[in-house]
Amino acid sequence: LEPKEEFEQKTLAMDVMRPRRNDPPLSVLTQDGMTVEEVEGMISDTSYSGFPVVVSHQSQRLVGFVLRRDLVISIDNARCCQDGIVGASRVLFTEHTPSHPYQGGPPPLSLRPILDLSPLAITDHTPMEITVDIFRKLGLRQCLVTQNGCLLGIITKKDILKHMAQMANRDPDSILFN
Ligand code: ADP
C-alpha cells in the first residue's frame with residue numbers, strides 16, 4: 001500500500017468515521033447508570049463488535065471501549081453465578097463500586113475488568129493516510145475518533161477498506177491488510 005496514491009490529501013478521519021451526518025448516534029454505554037436489562041437490549045438491538053463507554057450521554061467524555069463478546073460472556077456469567085444480579089441491577093464501569101447496595105435495590109454489576117481503558121483514539125482531523133498507517137502498524141480492528149477527549153465516532157478496518165474501495169473503485173478484498 002502506498003497511502004499517498006490511494007488517498008486524496010484532504011481525506012480526514014471525520015470523512016470516514018461513523019456515524020455519518022444523518023445516521024443515528026453511536027451506540028454507547030455510560031459508565032454508571034445503565035441496567036443489565038438496558039445493556040442486554042443494546043446487545044440484541046445491534047450487531048456492533050464493541051461499544052465505547054462514556055461518562056454520560058451529555059458529556060460524551062470517553063472512558064474506554066468494551067467488546068461485545070466480553071459483555072455477553074460477563075453478563076451471562078453474572079446472571080447465572082453472581083448472587084443477586086438481575087435485569088434491574090446497575091452496570092458499573094467505574095473504578096469504585098458503592099459498598100452498600102442502593103436503597104435496597106439489587107446489587108450492582110461491575111464490568112470494570114472487561115473495560116479497555118486506553119483504546120486508541122485519533123482526532124477527527126487526522127489525515128486518512130496516517131490513520132491507515134496506524135491501523136496497519138498496530139493491527140487495529142477499530143479506533144475511536146475524539147475531539148478534546150469527547151467521543152465523535154468510530155472507524156473500523158472495514159470502514160477503511162470500503163472507503164479505499166470507493167476511492168479506488170475496486171473490490172475491497174483486493175487491497176490493503178492482507
Ligand atoms: P465491521 O465494520 O467490521 O462490520 P462492526 O460490526 O463493529 O464492524 O461495525 C459495523 C459498522 O458500524 C461500521 O461502519 C462501524 O463504523 C459502525 N459501528 C461500530 N461500532 C458502533 C457503535 N457502537 N455505534 C454505532 N456504530 C458503530
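Keep in mind it's a predicted model, so treat the numbers as computed, not measured. One-based numbering along the sequence shown. Read the numbers this way: they start at 1 and go in the same order the structure lists the ligands and their atoms.
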Engineer: If you look at each N/O of ligand 1, which protein N/O atoms lie under 3.5 Å away, and at what distance?
Structural biologist:
unit_1   : atom_1 : unit_2 : atom_2 : d
ligand 1 : 2 (O)  : T156   : OG1    : 2.6
ligand 1 : 7 (O)  : S49    : N      : 3.0
ligand 1 : 7 (O)  : S49    : OG     : 3.1
ligand 1 : 14 (O) : D159   : OD1    : 2.6
ligand 1 : 14 (O) : D159   : OD2    : 3.4
ligand 1 : 16 (O) : D159   : OD2    : 2.5
ligand 1 : 23 (N) : S27    : O      : 3.0
ligand 1 : 23 (N) : G50    : O      : 3.2
ligand 1 : 24 (N) : S27    : N      : 2.9

Engineer: I'd like to know if the side chain of S74 pairs up with that of N77 as donor and acceptor (distance under 3.5 Å, no hydrogens or angles considered).
Structural biologist: no
Engineer: Looking at R18 and D23, is there a salt bridge between them, counting it only when a charged N and a carboxylate O are closer than 4.0 Å?
Structural biologist: no
Engineer: Run the side-chain contact (heavy atoms from CB on, under 4.5 Å) test against E40 and tell me which residues pass, sequence neighbours left out.
Structural biologist: V36, I75, R79
Engineer: Supply the members, apart from I73, of the Ile/Leu/Val/Met/Phe/Trp/Tyr cluster built from side-chain contacts under 4.5 Å; use none for a lone residue.
Structural biologist: none
Engineer: Counting neighbours of NE2 on H57 that are heavy atoms of other residues, nucleotides or ligands and sit closer than 6.0 Å, is the number greater than 12?
Structural biologist: yes
Engineer: Identify, with sequence neighbours excluded, every residue that meets salt bridge (charged side-chain N to carboxylate O under 4.0 Å, His left out) alongside D76.
Structural biologist: none
